[in-house]
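Whatever order the structure lists ligands and atoms in, that order sets their numbers, starting from 1.
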Amino acid sequence: MAGLLFGTGGIPHSARTASTIDGIERSVELGLGCMEIEFVQGVRMGEAGARLVAEAAVREGVKLSAHAPYFINFNAHEPEKIRASQDRLLQTARIGSICGAESIVFHPAFYLGDPPEQAYNTVKKYLKEATEQLKRENNRVWIRPEIMGRVSQFGTINEVLSLSTELEMVAPCMDFTHWHARTGIFNSYQEFTSILLQIKERLGRAALDNMHIHISGIAYNKKGEIKHLNLKESDFQYTELVKALKDYNVKGLVICESPNLEEDALLLQATYNTL
Ligand SMILES: [Zn+2]
């Protein structure tokens with residue numbers, strides 16, 4: 001991959017309709033390079049539809065990723081909820097890979113009062129079952145647990161990087177905004193580069209050459225994320241982050257999840273290009 005591509009989490013607001021194909025076409029008109037398909041309320045695309053999406057993405061030259069449904073908890077205490085979580089992730093990976101998505105993002109779990117170490121082992125066990133199933137299906141997408149913004153949510157940098165080192169097919173979805181909201185810090189060039197160095201140390205340079213990143217503005221309190229905001233309405237130092245990504249020659253996809261979607265995606269891209 002040449003460098004960093006910028007795009008929206010979901011279909012740009014200015015797309016002709018809210019269809020994935022119109023989203024791809026609008027992304028190209030805007031000058032964006034990628035888009036994340038949001039299956040967050042459920043995977044409601046069939047195989048035939050996914051094939052048409054793949055054709056459009058190749059024709060237009062847009063890289064795709066897919067976001068799994070929100071209703072996933074690999075640390076659920078009921079076996080049927082674990083199974084449903086695995087099914088939702090698998091279904092996203094199956095349809096996503098037909099679309100041509102190389103990365104599948106998901107929110108791994110809630111602690112539900114469990115000690116983090118115990119939650120980690122549970123998540124790892126059931127996530128491993130899911131990735132092994134994908135391997136059997138010859139599906140080689142990247143499964144990317146996301147860095148989460150609330151302290152009640154499983155998904156610290158350490159947890160996500162540990163899963164990425166211990167499980168095949170697993171790599172991080174680096175949501176720098178969530179990490180800032182969760183910690184109240186990690187909002188400066190030096191802190192951003194310290195994270196990049198940590199990734200390089202634990203996963204190798206190849207991880208920086210194949211990154212999946214989420215950025216938005218954010219409102220937060222002591223418990224972490226409250227809601228996403230547009231970049232200019234929030235305190236998130238996106239210019240410093242983009243500079244860190246450029247200085248470390250990070251490659252991959254940057255997905256903007258601000259409410260204004262394409263406006264901030266274009267702002268991030270323009271910031272990157274003018275550095
Ligand atoms: Zn997410």
| task | Give a yes or no on whether C173 keeps an N, O or S atom under 2.8 Å from the Zn ion (ligand 1). | result | no
| query | Considering only N, O or S atoms, which atom of E146 is nearest to the Zn ion (ligand 1)? | reply | OE1
| field | Partner of Y120 by side-chain hydrogen bond (donor to acceptor under 3.5 Å, both in side chains), out of E166, E159, K125 | value | E166
| note | With rounding to 10 degrees, H107 NE2, the Zn ion (ligand 1) and H67 NE2 define an angle of 90°
| task | Report the relative orientation of the aromatic rings in F236 and H180; use parallel for angles under 30°, tilted for 30 to 60°, perpendicular for over 60°. | result | tilted
| query | Is the CD atom of E78 crowded by more than 12 outside heavy atoms at less than 6.0 Å? | reply | yes
| Qualifying residue, where the test is side-chain hydrogen bond (donor to acceptor under 3.5 Å, both in side chains) with H67 and the options are E146, E36, H214 | E146
